Engineer: 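Mind looking over this structure? Questions follow.
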Amino acid sequence: MSSGLILSVIFIYFAVLLAISWITSRNADSESFFVANRQAPWYLVAFGMIGTSLSGVTFISVPGAVGAMAGDEIKGFAYFQLVLGYVVGYFVIATVLMPLYYRLNLISIYSYLEDRFGYWAYKTGSFFFLVSRAVGSSLRLYLAAMVLHLFLFEAWGVPFVVTVAITILLIWLYTFKGGIKTIVWTDTFQTFFLVTAVLISVYMISDHLGWSLFEMVKQVGESAYSKTFFTESIWESNNFFKQFLSGAFIALVMTGLDQDLMQKNLSCRNLKDAQKNMLWFTVCMVFVNLLFLTLGAMLYIYATSQNIAIPADTDELYPMLALNHFGIVVGIFFLLGITASTYASSDSALAALTTSFCIDFLNFKSKPESVKQKQKTLVHIGFSLLFLLIIVVVYEIGEKSVIHMVLKAASYTYGPLLGLFAFGVLSKRKVRDKFIPLVCVLAPLATFFLTMAIESNTRYQFAYENLIINGFICFLGLLACSYSPNTKVDEKVDTVKEKLV
């Protein structure tokens, strides 16, 4: 594809996004930015959440990982084991967490921690979300910037940092005013292109290989890439039980304890609509992930049949074939797909980070609307610059598998959130609030050294179950700092509170 055509496609795409932003952000206020005035249709939220959850990481890394090696075996559809675990996590979110959030009428889900534990628990939970989402979303956005740089701006001699700056500026332009009210609609638009791009890619590869639909299913099913369940060795990282359990907890924390995705759910009219959203979102997520894995198998089969060398970085396989081997239609839809998938994730993350910081750290409830608008804009710009910094650092490091980086980072940064919410929901005990920040910092550190020691001294390889260990250590730390609500300590605390009031 020519650079002119690539630039034209991207220009038209963002022109449409800006038009949607202009229409949806008219008369928008802070309530619109944070929760879309709680009037978002559940079916739009459900469909748009697919793009938010998948991101460019799924779009590129999941197909690429199908042919990667895990020990002596091809990974194949091993990722689907993780996806099946997601279903369990989404069920817990819909039946346990959502009723809690709606009952408390939350804007920031971390304000629950203040009600349950106290001031420092609230600030600590929000802080760990800010770190988690800033890192995770930057890694996702890195992929889109990388593709645009490799296939467009690099040929013009544009530095990578400028490519990233342009990419982030485009997000800022269509989200800075309408926030979630705009994003509910733009994410629906972008998810459509994400799914369409994969469907067209699968169809065109089948056509190049001369396969009908039924033959495609047969060929992929009989290939070495289609192996899904790995139960042979508990020591390996792709073991089914480890992946499934990890998937359940990853879904729980990266969706249910994540302000970004829960902010969309809280924009629904009521709890019933939000739960319907989660049900259909779960069904669609399973189907779309299976579609991505099928695409990955077909990419490797096609490359092998045409004697095309597989890139050392498997994340580059899909972009290379889509833009150079399958014709202009696939190339255009690939660009639309990678742009849509990445921006659908990053735009809502930017809005969620802005929301969390404003609500949790700037005490927005007590400020006039004019002050809210000014501070919200400054925070929005600040997180945009943070995205830029993180992406440039990751680019210099040169990590090969971005999806691995995202999930590994999540296992450490979301662990304290898992421990806090689990203790809050499962236990009635109170915790000495001043010790909570220390517990939440020590838990990831202890998890890191423990997993390193185990992997260094045994054959055991962790998948992402260190998230569970992290949350469990945090839970134990909170338990050690806890006391019964009926103790004299509790009575003294209540007495002090009454005197302050």
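The structure presented is a predicted model; accordingly, all values stated were derived computationally and were not measured.
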Engineer: Quick one: CD1 on Ile109 to CG on Leu100, what's the gap to the nearest 0.5 Å?
Structural biologist: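 Ile109 CD1 to Leu100 CG: 9.5 Å, rounded to 0.5 Å.
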
Engineer: Nearest 0.5 Å please: distance from the OG atom of Ser226 over to the CG atom of Leu293.
Structural biologist: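 Ser226 OG to Leu293 CG: 10.5 Å, rounded to 0.5 Å.
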
Engineer: Within this structure, what is the CG-CG distance for the pair Leu389 and Leu385, rounded to the nearest 0.5 Å?
Structural biologist: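 Between Leu389 CG and Leu385 CG, I get 9.0 Å after rounding to 0.5 Å.
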
Engineer: If you look at every heavy atom in Thr314 and Ala68, which pair is closest and at what distance?
Structural biologist: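 Shortest heavy-atom contact: CG2-CB, 4.4 Å.
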
Engineer: So which of Val83, Val88, Leu84 actually passes side-chain contact (heavy atoms from CB on, under 4.5 Å) with Tyr86?
Structural biologist: Val83

Engineer: Below 6.0 angstrom between ring centroids: does that apply to Tyr79 and Phe292?
Structural biologist: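 When the ring centroids of Tyr79 and Phe292 are compared, they turn out to be at least 6.0 Å apart.
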
Engineer: How many angstroms lie between atom CD of Gln243 and atom CD1 of Ile250, to the nearest 0.5 angstrom?
Structural biologist: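 If we round to the nearest 0.5 Å, Gln243:CD and Ile250:CD1 are 8.0 Å apart.
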
Engineer: Kindly say whether Met285 contributes a backbone atom to a donor-acceptor pair with the side chain of Asn289 at under 3.5 angstrom?
Structural biologist: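 Pair found, side chain donor or acceptor close to backbone of Met285.
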
Engineer: Less than 4.5 Å apart, any side-chain heavy atom of Phe91 and any of Thr282?
Structural biologist: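 With C-beta onward as the side chain, the pair stays apart.
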
Engineer: Can you tell me if Tyr101 uses its side chain to pair, donor with acceptor, with the backbone of Gly256 under 3.5 Å?
Structural biologist: yes

Engineer: Under a 4.5 Å cut-off applied to non-hydrogen side-chain atoms, are Leu418 and Phe472 in contact?
Structural biologist: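 Answer no - side chains too far apart.
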
Engineer: Please step through side-chain contact (heavy atoms from CB on, under 4.5 Å) for the pair Leu417 and Val253, ending with a clear verdict.
Structural biologist: CA-CA 7 Å; Leu417 286 173; Val253 299; 5.7 Å; no

Engineer: So for atom OH, which belongs to Tyr460, do other residues, nucleotides or ligands contribute more than 12 heavy atoms lying within a distance under 6.0 Å?
Structural biologist: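 Atom OH in Tyr460 is packed in, count exceeds 12.
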
Engineer: Any non-hydrogen side-chain atom of Val286 less than 4.5 Å from a side-chain atom of Tyr90?
Structural biologist: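 Contact flag for Val286/Tyr90 side chains = no.
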
Engineer: Using only atom types and a distance under 3.5 Å, with no angle test, would you say the side chain of Thr451 pairs donor to acceptor with the backbone of Phe448?
Structural biologist: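 Pair found, side chain donor or acceptor close to backbone of Phe448.
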
Engineer: What closest approach, in Å, do Ser456 and Met452 show between heavy atoms, and which atom pair accounts for it?
Structural biologist: OG-O, 2.7 Å

Engineer: Are the side chains of Pro63 and Leu317 in contact, using a 4.5 Å heavy-atom criterion?
Structural biologist: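 Answer no - side chains too far apart.
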
Engineer: So does Phe160 have more than 12 non-hydrogen atoms from other groups sitting under 6.0 Å from CZ?
Structural biologist: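 More than 12 heavy atoms, drawn from other residues, nucleotides or ligands, come within 6.0 Å of this atom.
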
Engineer: Are side-chain heavy atoms of Glu465 and Leu245 found at a separation under 4.5 Å?
Structural biologist: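 When only atoms from C-beta onward are counted, Leu245 and Glu465 do not touch, as no gap falls below 4.5 Å.
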
Engineer: Minimum heavy-atom separation for Thr196 to Phe192, with atom names?
Structural biologist: OG1-O, 2.6 Å

Engineer: How far apart are the C-alpha atoms of Trp211 and Ile301, what are their side-chain angles, what is the distance that settles it, and do they pass the side-chain contact (heavy atoms from CB on, under 4.5 Å) test?
Structural biologist: CA-CA 12 Å; Trp211 293 347; Ile301 291 171; 3.7 Å; yes

Engineer: Can you confirm whether Lys218 is buried at NZ, in the sense that more than 12 heavy atoms of other residues, nucleotides or ligands lie under 6.0 Å from that atom?
Structural biologist: no

Engineer: Could you tell me whether a side-chain N or O of Asn470 sits under 3.5 Å from a main-chain N or O of Ser411, the two making a donor and an acceptor?
Structural biologist: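 Here the side-chain-to-backbone pair exists.
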
Engineer: Using 0.5 Å steps for rounding, measure from the OH atom of Tyr102 to the CG atom of Asp273.
Structural biologist: 7.5 Å

Engineer: For Ala224 and Ile74, which heavy atoms make the closest approach, and how far apart are they?
Structural biologist: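 Here Ala224 and Ile74 meet closest at CB-CD1, 4.4 Å.
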
Engineer: Determine, stepwise, if the pair Gln219 / Leu209 fulfils side-chain contact (heavy atoms from CB on, under 4.5 Å).
Structural biologist: CA-CA 11 Å; Gln219 291 289 342; Leu209 293 170; over 6 Å; no

Engineer: Kindly determine whether Met98 and Met278 satisfy side-chain contact (heavy atoms from CB on, under 4.5 Å), including the steps that lead there.
Structural biologist: CA-CA 10 Å; Met98 277 187 176; Met278 280 302 300; 2.8 Å; yes

Engineer: Within a strict 4.5 Å, meaning less than it, do heavy atoms of the Val135 and Thr413 side chains meet?
Structural biologist: no

Engineer: Quick one, Met262 and Tyr110 - any side-chain contact, counting heavy atoms below 4.5 Å?
Structural biologist: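 Answer no - side chains too far apart.
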
Engineer: Measure across Ile391 and Ser138 and return the closest heavy-atom pair with its distance rounded to 0.1 Å.
Structural biologist: CG1-O, 3.3 Å

Engineer: Atom CZ of Phe462 and atom OG1 of Thr447: how far apart are they, to the nearest 0.5 Å?
Structural biologist: 9.0 Å

Engineer: On a heavy-atom basis, which atom in Ala251 and which in Ile93 lie closest, and how many Å separate them?
Structural biologist: O-CD1, 3.5 Å

Engineer: By ring pair (Phe, Tyr, Trp, His ring centres under 6.0 Å), which residues pair with Tyr318, not counting sequence neighbours?
Structural biologist: Phe59, Phe334

Engineer: Find out whether Thr294 and Met298 are in side-chain contact, i.e. whether some heavy atom of one side chain is under 4.5 Å from a heavy atom of the other.
Structural biologist: yes

